[in-house]
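So that the names make sense, note that chain A is the first sequence line, chain B the second, and so on, each numbered from 1. Predicted model only: the values in this text are computed from it and were never measured.
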Amino acid sequence: MARIWRFGPNINTDQIVPGRYAPYMLKDESTLRNYPFIEARPEFATTVQPGDLIVAGANFGCGSSREYAPLALKLVGIGAIIAPLFARIFYRNALNLGIPLFEADLPAAVVDGTTATLDIATGELRTSAGLITLPAPPDFVRDVWDAGGIVAYVRRHGRFPGQPAS
Amino acid sequence: MGQTLAEQILSHAAGRMVRAGELIVVDVDLAMMHDSISPSIIKVLHHEIGAERVWDATRIAVVIDHVAPAATVQTAEHQANLRAWVRREGIRHFFDVGQGISHPVLVEHGLARPGMVIVGSDSHSTGYGAVAAFGTGMGTTDMALTLATGRTWLRVPETVRVVALGQLAAGVSAKDLGLAVARRIGADGATYRAVEWHGLGALSIAERMTLATLSIEVGAKAGLVPAAGPGWQAHAEARGIQVPDWLTVDPAATYAQTVTVDLARLGPQISVPHQVDHVVDLHELGRVAVDVVYLGTCTNGHHEHLAAAAHVLRGRRIAPGVRLLVVPASAEALRRATADGTLSTLLDAGATIGTPGCGACIGRHMGVLAPGEVCLFTGNRNFRGRMGAPDARIYLGSPEVAAATALAGYIAHPADVLA
Ligand code: SF4
C-alpha cells in the first residue's frame with residue numbers, strides 16, 4: 001500500500017528542492033535524494049517509501065526549470081503525482097523522467113496519510129475514501145511513460161512526440 | 001484565419017501552418033545554457049543520449065551567471081569543466097563570469113532577435129520575448145535533446161493578450177504592470193499559454209524584459225512584446241536588427257483571453273510573501289520595515305532600472321541599518337551606469353555593488369537573507385526560502401519603490417519620500 005502525501009496549491013520548485021541543494025551545489029550529487037521538501041516538509045525525505053503518491057492542489061511545480069526537483073522525487077521512488085493543474089515546465093520535466101502525472105482534483109476526504117493503491121495503466125486509485133478513476137493522459141504521454149522517459153522514447157521511436165513517423 | 005505571434009513564430013519554425021493546441025516539432029534557432037544546469041545537461045547529452053558532439057556550436061550560448069564568480073570549490077570546479085567543454089565543442093557564444101545574466105546578455109548582444117525560437121535552461125527564458133522571440137524555459141533532458149538534435153517538441157500555446165491603455169504615471173513602471181497582471185489572472189493564469197503584451201511601444205527593451213520575464217510567473221510558456229514602437233527602434237537600429245516580414249501583430253488572431261489595464265490608474269504594486277500573485281497596492285500595505293533592499297536580476301537590474309533608482313536616491317543617503325545591494329544585470333548595464341554617473345549616485349547613497357549576474361536571487365551567495373530578515377526585492381520570485389532562510393520575507397516591487405524603501409527604511413513610494 002502506498003501512502004498519500006497531501007500538499008496544497010502552488011507548490012513551487014524552490015519548495016520541492018531549494019536552489020541551495022542543487023546538484024551544482026552538492027559535494028556528492030547522489031545525496032539529492034535526501035532533499036525533496038527539505039525545508040517545506042522535512043519528514044518527507046526520511047519517511048517516504050517507494051510507490052508513495054503526492055496529491056496536491058493546482059499549479060504544482062511552478063517556478064524554475066530545475067529538473068532536479070522532479071529528479072529528487074524520482075530518486076525517492078514517488079509512484080505518481082496527482083494535481084488539478086501542473087506548471088508547464090515541471091510537467092515536461094517529470095514526463096521526460098518517466099514520472100506519471102495525473103491531472104485531477106481529488107476530494108478533501110483523501111487526506112494526508114491516506115493509504116492507497118494506484119493502477120497506472122487504468123488510472124484506478126483505491127483509497128479508504130473510495131475508488132476514484134483518474135482521467136487518462138494523452139496517448140503520447142502514456143507512450144513516454146511506457147518507454148521510461150523521453151530519452152528512451154526517442155531511442156525507441158526514432159522521433160519526438162508530435163513528429164510524424166518517417 | 002489570423003495567427004498570434006506565438007503561432008506565427010512556431011509555424012515558421014515548423015515549416016508549416018500550425019494552430020494553438022497542435023503538438024509539433026520545431027527547429028531551434030538558439031539554445032542557452034547557464035552554469036547552474038550545464039553540468040547535468042552535458043552529462044545527459046554525452047552519457048544518456050550518447051551524442052558525441054552538439055548539433056551546431058554556432059547556435060549555442062553558454063553563460064556563467066548563476067554563481068558568478070564561483071562561491072565554493074565545487075562551483076569553481078564545475079565552471080572550470082564547463083569552460084573546457086566550451087573550448088572542446090567550439091561553442092561560439094560564451095559569456096564568462098561578470099558578463100551578466102543570460103537573458104539580458106543575449107538580448108544586448110543582439111543574439112536574441114524577433115521571430116526566433118530560443119530554448120533556455122532557465123524558466124525566465126520567456127525574457128527573450130522582450131525582442132519578440134519565442135523564448136521558453138526547459139529542463140536538463142529537453143535541453144540535452146535540443147543540443148543533440150537542434151530541435152524540440154511542443155504544444156502550440158493559446159495566447160492571453162494584455163492590452164495596456166494610456167500612459168504610466170510618474171514613479172510607476174513595467175514592474176507594477178507585471179505584478180498587476182499576476183494579481184488579476186493568478187500564478188497559473190497563463191499556464192500552457194503564451195502572453196502577448198500590447199500598447200507598450202514606448203517602453204525600452206529593459207522594461208519589456210521586465211514583462212517578458214514576469215510572464216513565467218503567471219505560468220506562461222512564452223511572453224512576447226511586439227517588435228515595434230520607439231523602444232524597439234532604438235534597440236534595433238543600434239544593432240542593425242530587422243523584423244522578419246512574416247512577423248506582424250495580426251488583428252484577426254484569436255486570443256484565449258484579453259486583459260485590459262488602464263496604465264494611468266495603475267499605482268505601485270507590491271507582491272507580498274510568499275507568492276508572486278499575492279499583490280496589493282503599496283498604500284494598502286501598512287508600514288513594513290526592511291533589512292535589505294536588493295536591486296537587480298533579469299527582471300529589474302538593467303541600466304534603465306539602476307538609473308530610475310539613482311534618480312530617486314540622488315543627493316540622499318539610505319536609512320541607517322538598511323543594506324542596499326545593487327547587482328547589475330549585465331556588464332553593459334554596469335558600464336552604462338558608470339558612464340552616466342548612475343553608479344556614483346548609487347555609491348554616494350550608500351549602495352553596495354555586486355558582480356553582474358544572478359547574485360542572491362536564488363539564495364546561493366552575494367547577499368543571502370538571514371532568518372527573519374525582510375527584503376524589498378526587484379526580482380521576480382518571493383517564494384519561501386528563495387533568497388536564503390525559509391523564514392525570511394521577500395516583498396517584490398519596482399526599482400523606484402526599491403530606492404524609496406532604501407531611503408525610508410520601510411516599504412515606500414518615491415512620492416512619499418520625495419515630498
Ligand atoms: S536573475 Fe534570478 S530569475 Fe533571473 S535568471 Fe538569474 S536566478 Fe533566474
query: Do A:Glu29 and B:Lys43 have side-chain heavy atoms sitting under 4.5 Å apart?
result: yes

message: Assess, by modelled atom type and distance only, whether the side chains of A:Glu67 and B:Thr141 contain a donor and an acceptor separated by less than 3.5 Å.
response: yes

- request: In plain terms, say whether A:Asp14 and B:Arg381 are close enough for a salt bridge, that is, a side-chain N and a carboxylate O under 4.0 Å apart.
  value: no

query: Between A:Gln15, A:Arg66, A:Met25, which shows the greatest number of heavy-atom pairs under 4.5 Å with chain B?
result: A:Met25

- request: Any chance you could measure B:Ser125, atom OG, to A:Ile89, atom CD1, to the nearest 0.5 Å?
  value: 7.5 Å

- prompt: Do the side chains of A:Arg92 and B:Leu154 get nearer than 4.5 Å, heavy atoms only?
  reply: yes

message: Working to the nearest 0.5 angstrom, can you tell me the gap between B:His278 NE2 and A:Asn10 CG?
response: 7.0 Å

statement: Scored by heavy-atom pairs under 4.5 Å with chain A, the best of B:Arg384, B:Arg386, B:Glu48, B:Lys221 is B:Lys221

- request: Against chain A, work out which of B:Pro390, B:Ser36, B:Gly385 has the most heavy-atom pairs shorter than 4.5 Å and name it.
  value: B:Ser36

task: For A:Glu43, look at atom CD and say whether over 12 heavy atoms of other residues, nucleotides or ligands are found less than 6.0 Å away.
output: yes

task: Would you please test A:Tyr68 and B:Thr140 for side-chain contact (heavy atoms from CB on, under 4.5 Å) and show each step?
output: CA-CA 8 Å; A:Tyr68 56 83; B:Thr140 295; over 6 Å; no

Atom pair CD1 (B:Ile37) and OG (A:Ser65), whose distance is rounded to the nearest 0.5 Å: 5.5 Å

- request: Can you tell which part of B:Thr149 gets under 4.5 Å to a heavy atom of chain A, answering side chain, backbone, both or neither?
  value: side chain

- prompt: Any idea which of A:Gly63, A:Gly19, A:Ala22 has the most non-hydrogen atom pairs under 4.5 angstrom with chain B?
  reply: A:Gly63

Option that, when pairs with chain A are counted at under 4.5 Å, heavy atom only, ranks first among B:Asp142, B:Val67, B:Ile24, B:Thr136: B:Asp142

task: Measure distances from A:Ile38 to the heavy atoms of chain B and classify the residue's part below 4.5 Å as side chain, backbone, both or neither.
output: neither

task: Give, as side chain, backbone, both or neither, the part of A:Leu71 having an atom under 4.5 angstrom from any heavy atom of chain B.
output: neither

task: Mind ranking B:Val276, B:Ile216, B:Thr75, B:Thr152 by heavy-atom pairs under 4.5 Å with chain A and telling me who comes out on top?
output: B:Thr75

message: Nearest 0.5 angstrom please: A:Asn12 CG to B:Asn382 CG, how far?
response: 9.5 Å

query: Roughly how far apart are B:Ser123 OG and A:Arg88 CZ, rounded to 0.5 Å?
result: 9.5 Å

- request: Name the member of A:Pro18, A:Pro161, A:Pro9, A:Ala87 that forms the most heavy-atom pairs with chain B at distances under 4.5 Å.
  value: A:Pro161

task: Could you look at A:Glu39 and say if it's the side chain, the backbone, both or neither that has a heavy atom under 4.5 Å from chain B?
output: side chain

task: Provide the closest heavy-atom pair for B:Arg364 versus A:Tyr24 in the form atom of the first, atom of the second, distance.
output: NH1-CD2, 3.7 Å

query: What do you reckon, are the aromatic ring centroids of B:Trp153 and A:Phe140 less than 6.0 Å apart?
result: yes

statement: A:Ala58 and B:Asp188 have their tightest heavy-atom pair at CB-OD2, 4.0 Å

- request: Just give me the residue among B:Val368, B:Asn380, B:Thr191, B:Asp35 that pairs up with chain A most often, heavy atom to heavy atom, under 4.5 Å.
  value: B:Asp35

message: Under 4.5 Å from any heavy atom of chain A, what part of B:Arg155 do you find: side chain, backbone, both or neither?
response: neither

- line: Most heavy-atom pairs under 4.5 Å with chain A, out of B:Ile362, B:Asp277, B:Asp122, belong to B:Asp122

Crowding at CG, A:Asp28 (>12 non-hydrogen neighbours, <6.0 Å): yes

